[in-house]
Amino acid sequence: MNKEGKIYVAGHRGMVGSAIVRSLERNGYHNIITRTHKELDLTRQDQVEKFFAEEKPDYVFLAAAKVGGIVANSEALADFMYDNMILEMNVIHEAWKNNCKKLLFLGSSCIYPRMAPQPMKENCLLTSELEKTNEAYALAKISGLKYCEFLNRQYGTDYISCMPTNLYGPNDNYHPTHSHVLPALIRRFHEAKEQGLTEVTCWGTGSPLREFLYVDDLADGCVFLMNNYSGNETVNMGTGKELTIKELTELVAKVVGYTGEIKWDPTKPDGTPRKLLDVSKLEGLGFHYKTELEEGIRLTYEDFLHNPMRAER
């Protein structure tokens, strides 16, 4: 990427988008364009057309998305599919129409089949059935990365995609029912500690295996890919390390300082049994994550404590 080029970060107020802006600035990119949702509704084609026609960014990081955990995904299937599919199609299409030099589309590891061989390689995409609890979101994300691929193949664009594992970090969503597992646990244990609760009950059995990547490591990886990768196949972005939800829960409790009993409710869903990304392609390109999980949780808990707007009800 040219240091003087105009860079549009879609979704700059979210956890991923804000981290990408921080990474760009650390790396000497300062011609960054952003718009709030109020200023630009990416689900409105007319607004996206007008924005791209006026600004004509050279590079685009598409980090905007409607996101949520198991509860949110299960309760709003149609909303998750429609909002994500239409916003990503609007942005990618207008980037192409306005001769954007390069675009990075951010997907999610939930695009891979529920029972994919572990660790999951990029080429296992669309080889078997998706996990039902986030199928709508996954289908929308698959459509986005495939549109980038098809534009490359038909028109010779340089549009790439990366598939992050479970992310966490500053500017996360700590909503009690609509957040992902790690920020939800931070909030649960913080409130339990504040209220002096002797026990906390968590969903499921605690047995599923998960991988977690600190969001600033993801952002650095995204900037790295924009400068070092071109290709139709997506690139996995993760650590290559996993732990059980039970182990994660105990680690979060330790960082937060909650010392009560942790119980489990096996009547609640576990989700996919295991989700570990094969990151050999990313590491082969020359990128490796920096932040280990316990340190990342500590930094995220500090964000939770000092950003009350993020600790939403």
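The figures here come from the full heavy-atom set of this structure, side chains too, leaving out hydrogens, waters and symmetry mates.
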Mind checking whether [X] and [Y] have side chains closer than 4.5 Å, heavy atoms only?
| X | Y | value |
| --- | --- | --- |
| Asn236 | Lys281 | no |
| Met163 | Met120 | no |
| Lys275 | Glu211 | no |
| Asn228 | Leu285 | no |
| Thr234 | Leu125 | no |
| Leu106 | Val16 | yes |
| Lys56 | Asn99 | no |
| Ser23 | Cys222 | no |

If only atom types and distance count, is the side chain of [X] paired as donor or acceptor with the main-chain N or O of [Y] below 3.5 Å?
| X | Y | result |
| --- | --- | --- |
| Asp270 | Pro208 | no |
| Asn90 | Leu42 | yes |
| Asp158 | Lys102 | no |
| Asn227 | Val223 | yes |
| Asp265 | Thr267 | yes |
| Glu39 | Thr36 | yes |
| Thr165 | Gly238 | no |
| Tyr59 | Met226 | no |
| Asp217 | Thr291 | yes |
| Glu94 | Val48 | no |

Search all heavy atoms of [X] against all heavy atoms of [Y] and return the closest pair with its distance.
| X | Y | answer |
| --- | --- | --- |
| Tyr301 | Lys193 | OH-NZ, 3.3 Å |
| Tyr214 | Thr300 | CE1-OG1, 3.9 Å |
| Leu277 | Ser109 | CD2-CB, 3.8 Å |
| Met85 | Ser143 | CE-OG, 3.3 Å |
| Ala65 | Leu87 | CA-CD2, 4.2 Å |
| Ser280 | Lys121 | OG-NZ, 4.2 Å |

Out of Phe150, Phe52, Tyr155, Tyr147, which one pairs with Trp96 under the ring pair (Phe, Tyr, Trp, His ring centres under 6.0 Å) rule? Tyr155

Begin with the C-alpha distance, continue with both residues' side-chain angles, and end with the deciding distance and a verdict on side chain to side chain contact (heavy atoms under 4.5 Å, CB included) for Cys162 and Phe105. CA-CA 6 Å; Cys162 76; Phe105 173 72; over 6 Å; no

Find the distance between [atom1] ([X]) and [atom2] ([Y]) and round it off to the nearest 0.5 Å.
| X | Y | atom1 | atom2 | answer |
| --- | --- | --- | --- | --- |
| Arg44 | Lys50 | CZ | NZ | 12.5 Å |
| Thr249 | Arg188 | OG1 | CZ | 9.5 Å |
| Arg22 | Asn27 | CZ | CG | 13.0 Å |
| Arg153 | Lys146 | CZ | NZ | 7.0 Å |
| Ser161 | Met237 | OG | CE | 10.0 Å |
| Asn232 | Tyr159 | CG | OH | 13.5 Å |

Is [X] salt-bridged to [Y], cutoff N-O under 4.0 Å?
| X | Y | result |
| --- | --- | --- |
| Arg35 | Glu55 | yes |
| Arg114 | Glu129 | no |
| Lys6 | Asp58 | no |
| Glu294 | Arg298 | no |
| Glu242 | Arg274 | yes |

Connected via hydrophobic side-chain network under 4.5 Å: [X] and [Y]:
| X | Y | answer |
| --- | --- | --- |
| Leu299 | Leu248 | yes |
| Ile111 | Val279 | yes |
| Leu104 | Tyr289 | yes |
| Met81 | Tyr137 | no |
| Ile142 | Ile92 | yes |

Can you see whether Tyr29 has Lys3 sitting over its ring - NZ or CZ less than 6.0 Å from the centre and within 45° of the normal? yes

Kindly assign one of parallel, tilted or perpendicular to the pair [X] and [Y], based on the angle between their ring planes and the thresholds 30° and 60°.
| X | Y | answer |
| --- | --- | --- |
| Phe224 | Phe287 | tilted |
| His190 | Phe304 | perpendicular |
| Tyr168 | Phe212 | perpendicular |

Looking at Glu4, I'd like to know if its CD atom is crowded, meaning that more than 12 non-hydrogen atoms belonging to other residues, nucleotides or ligands lie closer than 6.0 Å. no

Under the criterion ring-ring contact (aromatic ring centres under 6.0 Å, His included), I'd like the reasoning laid out for Phe51 against Tyr8: C-alpha separation, chi angles, the key distance, then a yes or no. CA-CA 11 Å; Phe51 167 76; Tyr8 171 46; 4.6 Å; yes

Check the pair Thr157, Asn152 against side-chain hydrogen bond (donor to acceptor under 3.5 Å, both in side chains), reporting the backbone distance first and the verdict last. CA-CA 4 Å; Thr157 51; Asn152 291 346; 2.6 Å; yes

Verdict with reasoning, Ile245 to Leu209, per side chain to side chain contact (heavy atoms under 4.5 Å, CB included): CA-CA 6 Å; Ile245 293 295; Leu209 290 158; over 6 Å; no

Quick one, Arg26 with Asp220, criterion salt bridge (charged side-chain N to carboxylate O under 4.0 Å, His left out). Give me CA distance, side-chain angles, the key distance, then yes/no. CA-CA 9 Å; Arg26 280 197 303 272; Asp220 287 344; 2.7 Å; yes

As a quick check of understanding, evaluate side chain to side chain contact (heavy atoms under 4.5 Å, CB included) for Val181 and Asn166, giving each step before the final call. CA-CA 9 Å; Val181 60; Asn166 298 290; 5.9 Å; no

Output, in order, the C-alpha distance, side-chain angles, deciding distance and verdict of side chain to side chain contact (heavy atoms under 4.5 Å, CB included) for Met1 and Leu24. CA-CA 11 Å; Met1 290 189 297; Leu24 287 168; 3.9 Å; yes

Step by step, work out the salt bridge (charged side-chain N to carboxylate O under 4.0 Å, His left out) result for Arg187 and Asp172. CA-CA 11 Å; Arg187 179 173 181 151; Asp172 209 336; over 6 Å; no

